[in-house]
Amino acid sequence: MTTDTSARPLVSVKDVNKHYGQLHVLQNINLEVNKGEVVVVIGPSGSGKSTLCRAINRLETIEGGEIFIDGKKLPEEGKELARLRADVGMVFQSFNLFAHKTILENVTLGPIKVKGVDKATAEKDAMALLERVGVAHQAPKLPAQLSGGQQQRVAIARALAMKPKVMLFDEPTSALDPEMINEVLDVMVQLAKEGMTMIVVTHEMGFARKAADRVVFMADGQIVEQAKPEEFFTNPQSSRAKDFLSKLLTH
Ligand SMILES: Nc1ncnc2c1ncn2[C@@H]1O[C@H](COP(=O)(O)OP(=O)(O)OP(=O)(O)O)[C@@H](O)[C@H]1O
Ligand SMILES: [Mg+2]
């Protein structure tokens with residue numbers, strides 16, 4: 001085997017800027033995430049974490065800078081965008097499952113419609129994924145018949161069904177009842193262990209400590225500092241991070 005010395009980042013965000021009117025919501029953002037790396041993004045409300053996630057998935061336009069997924073520049077639109085977007089799995093705070101489709105259909109829809117996978121194969125793959133996230137026996141049900149934690153695990157399976165190169169999670173547990181948070185975090189920790197490249201917006205420090213390679217702290221549209229989780233939580237450098245962590249800890 002040859003060692004790959006030319007390893008390029010799987011996600012590369014270069015000098016990205018975005019405004020909402022007067023608000024400079026992303027200010028010269030630079031972020032590189034390597035294959036297999038797990039990056040937790042943390043920061044006060046309104047700091048631009050969700051906007052950054054949506055920009056990486058091109059659900060938001062950017063004004064300046066460039067974003068590369070596995071070396072390919074995210075295009076503005078068209079077929080190539082659809083293809084690249086399939087490389088980026090996204091899980092939101094609200095599960096966004098299709099209410100009138102079964103759990104199984106929710107997971108098979110993307111592969112069948114976007115990737116042209118035949119139904120039997122899509123269903124076989126979907127059942128394996130539902131098994132992996134622990135909800136296989138719920139396959140024939142509708143989303144409303146599942147708990148929030150179960151629905152979020154389905155949302156993760158649905159994203160994985162597209163065989164993404166990187167998974168983005170935007171506060172995946174913040175809408176859940178406390179007793180359901182761990183069942184979702186456990187699935188995410190497992191994914192991380194299996195080598196999935198992940199960008200995770202979360203304030204769950206337990207997850208960050210257990211699974212993250214790096215914590216990125218955002219405030220006011222900027223990346224203020226980044227460090228290994230232990231380092232960041234025990235010895236934050238910036239006053240913004242110190243302030244934020246003290247509030248988080250005293251909640
Ligand atoms: N579509 C939009 N139009 C105008 N302003 C927006 C829009 N979306 C977000 N914003 C503003 O941009 C800023 C950053 O929002 P964003 O949702 O990225 O923050 P966040 O860090 O994810 O916050 P939270 O922790 O509350 O989820 C906020 O001030 C928000 O009000
Ligand atoms: Mg957000």
Side-chain angles (χ1 to χ4, degrees), residues 7-18 25-26 29-41 48-63 65-98 106-117 122 125-126 129 132-133 152-173 184 187-188 190-192 194-202 207 211-214 216 218 223:
R8 62 182 176 208
L10 198 50
V11 178
S12 180
V13 177
K14 290 196 166 135
D15 298 322
V16 164
N17 281 282
K18 181 175 181 69
V25 60
L26 296 178
I29 298 291
N30 284 284
L31 179 67
E32 294 200 331
V33 181
N34 290 320
K35 195 165 186 301
E37 200 181 9
V38 177
V39 171
V40 159
V41 180
K49 307 179 297 293
S50 294
T51 307
L52 176 61
C53 280
R54 291 201 304 270
I56 291 172
N57 206 11
R58 198 54 180 78
L59 296 171
E60 292 282 354
T61 56
I62 53 173
E63 288 148 10
E66 296 171 305
I67 297 175
F68 297 85
I69 307 293
D70 204 9
K72 292 203 196 76
K73 190 176 163 181
L74 262 187
E76 296 285 305
E77 56 194 10
K79 268 214 174 105
E80 187 60 17
L81 174 62
R83 223 181 344 257
L84 270 190
R85 197 180 265 158
D87 286 343
V88 184
M90 181 122 189
V91 176
F92 302 91
Q93 178 177 337
S94 53
F95 329 120
N96 293 319
L97 296 176
F98 297 110
N106 264 280
V107 181
T108 57
L109 198 68
I112 291 172
K113 292 257 179 234
V114 180
K115 294 209 148 175
V117 176
D125 292 350
L129 284 169
R132 194 162 140 198
V133 300
Q152 192 59 306
R153 286 183 280 148
V154 173
I156 294 172
R158 181 178 59 175
L160 290 174
M162 298 298 282
K163 301 191 165 66
K165 291 179 177 167
V166 52
M167 287 279 286
L168 304 182
F169 294 84
D170 190 0
E171 303 209 33
T173 59
V184 172
V187 167
M188 292 167 61
Q190 193 54 38
L191 257 187
E194 288 163 12
M196 176 59 78
T197 309
M198 295 162 68
I199 300 175
V200 184
V201 178
T202 184
F207 173 81
D213 298 298
R214 183 163 34 126
V216 167
M218 281 185 80
I223 293 180

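Heavy-atom basis, side chains included; hydrogens, waters and symmetry copies ignored.
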Side chain to side chain contact (heavy atoms under 4.5 Å, CB included) between Val88 and Leu168, intermediate numbers included: CA-CA 7 Å; Val88 184; Leu168 304 182; 3.7 Å; yes
How long is the gap from CG on Asn106 to CG on Leu97, to the nearest 0.5 Å? 4.5 Å
Please check if the side chain of Lys115 supplies one atom and the backbone of Gly110 the other of a donor-acceptor pair under 3.5 Å. no
Non-hydrogen atoms of Pro111 and Ala161 that approach each other most closely: CG-O, 3.7 Å
For the side chain to side chain contact (heavy atoms under 4.5 Å, CB included) test, which of Ile56, Val216, Val11 pairs with Val33? Val11
Is there a side-chain contact between Val184 and Arg153 (heavy atoms, below 4.5 Å)? yes
Considering only heavy atoms from C-beta outward, does the side chain of Gln152 approach that of Met188 to under 4.5 Å? no
Does a side-chain heavy-atom distance below 4.5 Å link Leu160 with Ile156? yes
What residues, two or more places apart in sequence or in another chain, satisfy salt bridge (charged side-chain N to carboxylate O under 4.0 Å, His left out) together with Glu63? none
Could you give the distance from CG (Asp15) to CD1 (Ile67), rounded to the nearest 0.5 Å? 11.0 Å
With sequence neighbours excluded, tell me which residues meet side-chain contact (heavy atoms from CB on, under 4.5 Å) with Ala157. Val107, Leu129, Leu130, Val133
Taking every non-hydrogen atom, the tightest pair across Val38 and Ala192: CG2-CB, 3.7 Å
How about Ile29 and Ile223: do any of their side-chain heavy atoms sit closer than 4.5 Å? yes
For Arg214, side chain to side chain donor-acceptor pair (under 3.5 Å) partners two or more places apart: Glu37, Gln226
For Leu52, does its backbone N or O pair with a side-chain atom of Glu60 as donor and acceptor, under 3.5 Å? no
Listed by chain and number, what are the side-chain contact (heavy atoms from CB on, under 4.5 Å) partners of Val25, not counting sequence neighbours? Lys18, Tyr20, Leu23, Thr51
State which residues pass side chain to side chain donor-acceptor pair (under 3.5 Å) with Asn96; sequence neighbours excluded, sorted by chain then number. none
Please determine whether side chain to side chain contact (heavy atoms under 4.5 Å, CB included) holds for the pair Thr202 and Val40, giving the CA-CA distance in whole Å, both sets of side-chain angles, and the decisive distance to 0.1 Å. CA-CA 7 Å; Thr202 184; Val40 159; 4.0 Å; yes
Taking only residues two or more places apart in sequence or in another chain, which ones pass salt bridge (charged side-chain N to carboxylate O under 4.0 Å, His left out) with Lys73? Glu66
Can you check whether Phe169 reaches Leu191 side chain to side chain, under 4.5 Å on heavy atoms? yes
Under 4.5 Å between any side-chain heavy atoms of Lys14 and Glu32, yes or no? yes
Return the set of residues passing side chain to side chain donor-acceptor pair (under 3.5 Å) with Asn17 (not counting sequence neighbours), or none when no residue passes. His24, Asn28
Within residues 160-170 or reaching into it, pairs that qualify as side-chain hydrogen bond (donor to acceptor under 3.5 Å, both in side chains) - sequence neighbours excluded: Ser50-Asp170, Asp70-Lys165
With the side chain counted from C-beta on, respond yes when Val166 and Asp87 share a heavy-atom pair under 4.5 Å apart, and no when they do not. no
Rounded to the nearest 0.5 Å, how far does CD of Glu171 lie from SG of Cys53? 9.5 Å
Sorted by chain and number, sequence neighbours left out, side-chain contact (heavy atoms from CB on, under 4.5 Å) with Leu81 holds for Arg58, Leu74, Pro75, Arg85
On the ring face of Phe92, is Arg54 found with NZ or CZ under 6.0 Å from the centre and within 45° of the axis? no
Just jot down the side-chain contact (heavy atoms from CB on, under 4.5 Å) partners of Ala82, sequence neighbours excluded, or say none. none
Are Lys72 and Glu80 close enough that some pair of their side-chain heavy atoms sits under 4.5 Å apart? yes
Mind listing the closest non-hydrogen atom pair of Ala55 and Leu26 along with its distance? CB-CD1, 4.4 Å
